[in-house]
Chemist: 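Okay, here's the structure, questions in a sec.
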Amino acid sequence: MVPHGSIWLLVKTSVTFSDCKGNNKLHYEVSSPYFKVNDDGSLVALKNITAVGKTLFVHARTPHAEDMAELVIVGGKDIQGSLQDIFKFARTSPVPRQKRSIVVSPILIPENQRQPFPRDVGKVVDSDRPEGSKFRLTGKGVDQEPKGIFRINENTGSVSVTQTLDREMIATYQLFVETTDVNGKTLEGPVPLEVIVIDQNDNRPIFREGPYVGHVMEGSPTGTTVMRMTAFDADDPATDNALLRYNIRQQTPDKPSPNMFYIDPEKGDIVTVVSPALLDRETLENPKYELIIEAQDMAGLDVGLTGTATATIMIDDKNDHSPKFTKKEFQATVEEGAVGVIVNLTVEDKDDPATGAWRAAYTIINGNPGQSFEIHTNPQTNEGMLSVVKPLDYEISAFHTLLIKVENEDPLVPDVSYGPSSTATVHITVLDVNEGPVFYPDPMTVTRQENISVGSVLLTVNATDPDSLQHQTIRYSVYKDPAGWLNINPINGTVDTMAVLDRESPFVHNSVYTALFLAIDSGNPPATGTGTLLITLEDVNDNAPFIYPTVAEVCDDAKNLSVVILGASDKDLHPNTDPFKFEIHKQAVPDKVWKVSKINNTHALVSLLQNLNKANYHLPIMVTDSGKPPMTNITDLRVQVCSCKNSKVDCNAAGALHLSMTSLLLVSLFTLACL
């Protein structure tokens, strides 16, 4: 007899329990509602055991003893009725087991179950539960969000689910079971209870990384990997529900072979399966292929769900064709003196126009010693645009011959080279045009004193006709003469004056006067050349200096008898300007009233020798420059003597300007400070 009772699971899937007292009132409880134990101890499956789990607990109890047996499921076939060879013990001989209280086993529930709900999914067994105690279930899915999915019968320990589960939302629930007294106080536990949601194949494979575009070089060896396509299945990755297999459902176009590519059913790698000769981009109907790729779960079985995506495969070009001129010789004509594109050179290239294997690069390899020509590629047409960048001269050379080669931007593949068709000759004919005469030198320069007599000859201009093979005459005319000072002989080009030259004229800048002349040949139509004449005018003392200011104020009772600081200016250049000499024209003013004192070469101080009555006074100031001979100017300085009382200046009686004494002093001081 085994103390406290023992349970064995026999090979014939039956359990044996003995309390050593005849097993009176023996009662069995199973942790899964899908099983039951008959009175003879045989274990019977009531439903498909794939929905049960890997572990099962059987509780045996009599008034004298109780025990718990743990069964491990090692099969997974659909079996109902007697269980044969689907359970095993970790040991094969009867061994006493220690008594346990709350016993739970993982609960497995298929997702997507239909009504009715709630339905029992498992049972918690407590072998030593006091009378009146209750079961309590907690955790996420019970009293935590998402709430109310599971509940437990507080008296029997039966666990039930109240709604459909979705494994892709929540795959497992971690719950806790405990027993409580009538007041809700925990007696035992909590014990963890894991609920596992069994996956069903309810999700199709999805290609979610598109668009899928692959590239393979033309002529690639058979078996070249182009790209990899993988799909995602939200089902349980540990089951066939998410075990994917790939295949190509359709290829467009289907030429030159309907099976240009192969996809590894397990990895999703797309590889080429045709010979390199069939992967010739230039002979393909279309260098772009579209493959409909299918992914199927359940390891590709017919019952599996499918998803599709399109793979675009581009056959990339390699530079296996050299560019060739469409003809060996090109002709061009250009007028002498003109610039710009004169001819477009055309080439053919079978490679991809979107690549450097097609784009042409042109080079002039002979016939361009003066660098008069350049050639550039037209990016749209790939033509070579030959241009004249330095004007050509018919009289020097009427014909030019260029040798031009063409290459690709990308290097050719090793087994292809540039041939004779990659060079061409361009014959250029220069057309004679009537060119305008050319002045020499240009600009022309001459230096003269201003004020020279009218009719003075300045120079004789010289213009030559570049058209040396044409016998033409040249006539001259004035084109631009802003001041109207000049005349030119139309036959011999002699330039003379017809007015006085004035260096101080507004048409003269920095002592230089600019005029333009035309030389016109006798061609039909006539051609014109333009020449520039720069006349540098030397200064003479022909401008008298002038003073500023010409109005001043002073108070009739001023203690400071200074009246004003005068400055002088002259339009001429040094040495015909300062130092200036300031004087009072003594013939009109008494000597004992006014005084002029030199401050520097350009300024002098006018002051009173005594106070004057309120009135207007006119003081003639004579200023003389330093030219040889010097020039003198006499200017009246109007002095207003005003009444200044209580800081107010009154010049009304004198007809004067209204300036305060303070302003007058400030003007004087500011003028001195600027010297």
Side-chain angles (χ1 to χ4, degrees), residues 2-7 15 17 19 21 23-37 52-72 96-109 113 116-165 169-197:
V2 181
H4 302 294
S6 298
I7 294 179
V15 294
F17 173 79
D19 64 356
K21 293 186 179 182
N23 289 345
N24 187 29
K25 296 183 179 180
L26 176 60
H27 176 70
Y28 292 102
E29 290 180 329
V30 184
S31 62
S32 171
Y34 302 149
F35 292 87
K36 74 173 182 177
V37 178
V52 175
K54 296 182 179 180
T55 306
L56 198 65
F57 294 92
V58 179
H59 181 218
R61 182 174 56 190
T62 69
H64 304 288
E66 61 179 288
D67 200 2
M68 181 77 68
E70 180 179 359
L71 311 181
V72 179
R97 297 175 55 89
Q98 292 186 353
K99 182 177 178 181
R100 297 188 293 180
S101 185
I102 297 178
V103 178
V104 298
S105 62
I107 297 175
L108 283 73
I109 306 173
Q113 287 183 323
F117 290 105
R119 62 171 65 191
D120 290 341
V121 293
K123 189 173 184 179
V124 177
V125 178
D126 188 345
S127 60
D128 192 22
R129 184 162 65 94
E131 290 187 11
S133 62
K134 298 180 180 180
F135 290 102
R136 182 162 62 192
L137 189 64
T138 59
K140 292 183 179 180
V142 182
D143 57 347
Q144 300 176 29
E145 294 295 341
K147 297 180 180 180
I149 297 177
F150 303 98
R151 61 190 184 190
I152 191 170
N153 187 306
E154 62 183 14
N155 295 317
T156 66
S158 293
V159 179
S160 58
V161 63
T162 64
Q163 63 188 53
T164 300
L165 302 182
M169 294 295 294
I170 302 177
T172 61
Y173 295 85
Q174 299 295 330
L175 308 181
F176 297 92
V177 181
E178 58 186 349
T179 57
T180 64
D181 60 17
V182 293
N183 296 320
K185 181 179 179 181
T186 300
L187 299 176
E188 185 176 355
V191 175
L193 169 60
E194 183 180 27
V195 177
I196 302 172
V197 183

Chemist: Can you tell me how far apart CD (E131) and CG (D181) are? Round to the nearest 0.5 Å.
Modeler: 14.5 Å
Chemist: Tell me the closest heavy-atom pair linking F176 and P190, and the distance in Å.
Modeler: CB-CB, 3.8 Å
Chemist: Exactly one of T180, V142, T179, L187 should register a side-chain contact (heavy atoms from CB on, under 4.5 Å) with R136. Which one does?
Modeler: T180
Chemist: Among V159, L108, V195, L165, whose side-chain contact (heavy atoms from CB on, under 4.5 Å) with V121 holds?
Modeler: V159
Chemist: How far does OG1 of T138 sit from CG of L193, to the nearest 0.5 angstrom?
Modeler: 10.0 Å
Chemist: What heavy-atom pair brings F117 and T162 nearest, and what distance separates the two atoms?
Modeler: CB-O, 3.3 Å
Chemist: So, Q113 and T164: side-chain donor and acceptor under 3.5 Å apart, yes or no?
Modeler: no
Chemist: Report the distance from atom CG of D126 to atom OG of S133, rounding to the nearest 0.5 Å.
Modeler: 6.5 Å
Chemist: Can you measure from OG (S105) to CD (E194) and round to the nearest 0.5 angstrom?
Modeler: 11.0 Å
Chemist: Could you pull out the closest heavy-atom pair between G139 and D143, with the gap in Å?
Modeler: N-OD1, 2.9 Å
Chemist: Just wondering, do I107 and I109 contact through their side chains at under 4.5 Å, heavy atoms?
Modeler: yes
Chemist: Working to the nearest 0.5 angstrom, can you tell me the gap between K140 NZ and T172 OG1?
Modeler: 10.5 Å
Chemist: Judged by atom type as modelled, is there a donor-acceptor pair below 3.5 Å linking the side chain of N153 to the main-chain atoms of N155?
Modeler: yes
Chemist: Going by heavy atoms in the side chains, are V124 and V103 under 4.5 Å from each other?
Modeler: no
Chemist: Considering all heavy atoms of both residues, which atom of R151 and which atom of P118 are nearest to each other, and what is their separation?
Modeler: NH2-CG, 2.7 Å
Chemist: In Å, rounded to the nearest 0.5 Å, how long is the span from CG of L175 to CD of Q144?
Modeler: 9.5 Å
Chemist: With sequence neighbours left out, what residues match S158 under side chain to side chain donor-acceptor pair (under 3.5 Å)?
Modeler: T156
Chemist: State, to 0.1 Å, how close I102 and E178 come at their nearest heavy-atom pair, and which atoms those are.
Modeler: CD1-CA, 4.1 Å
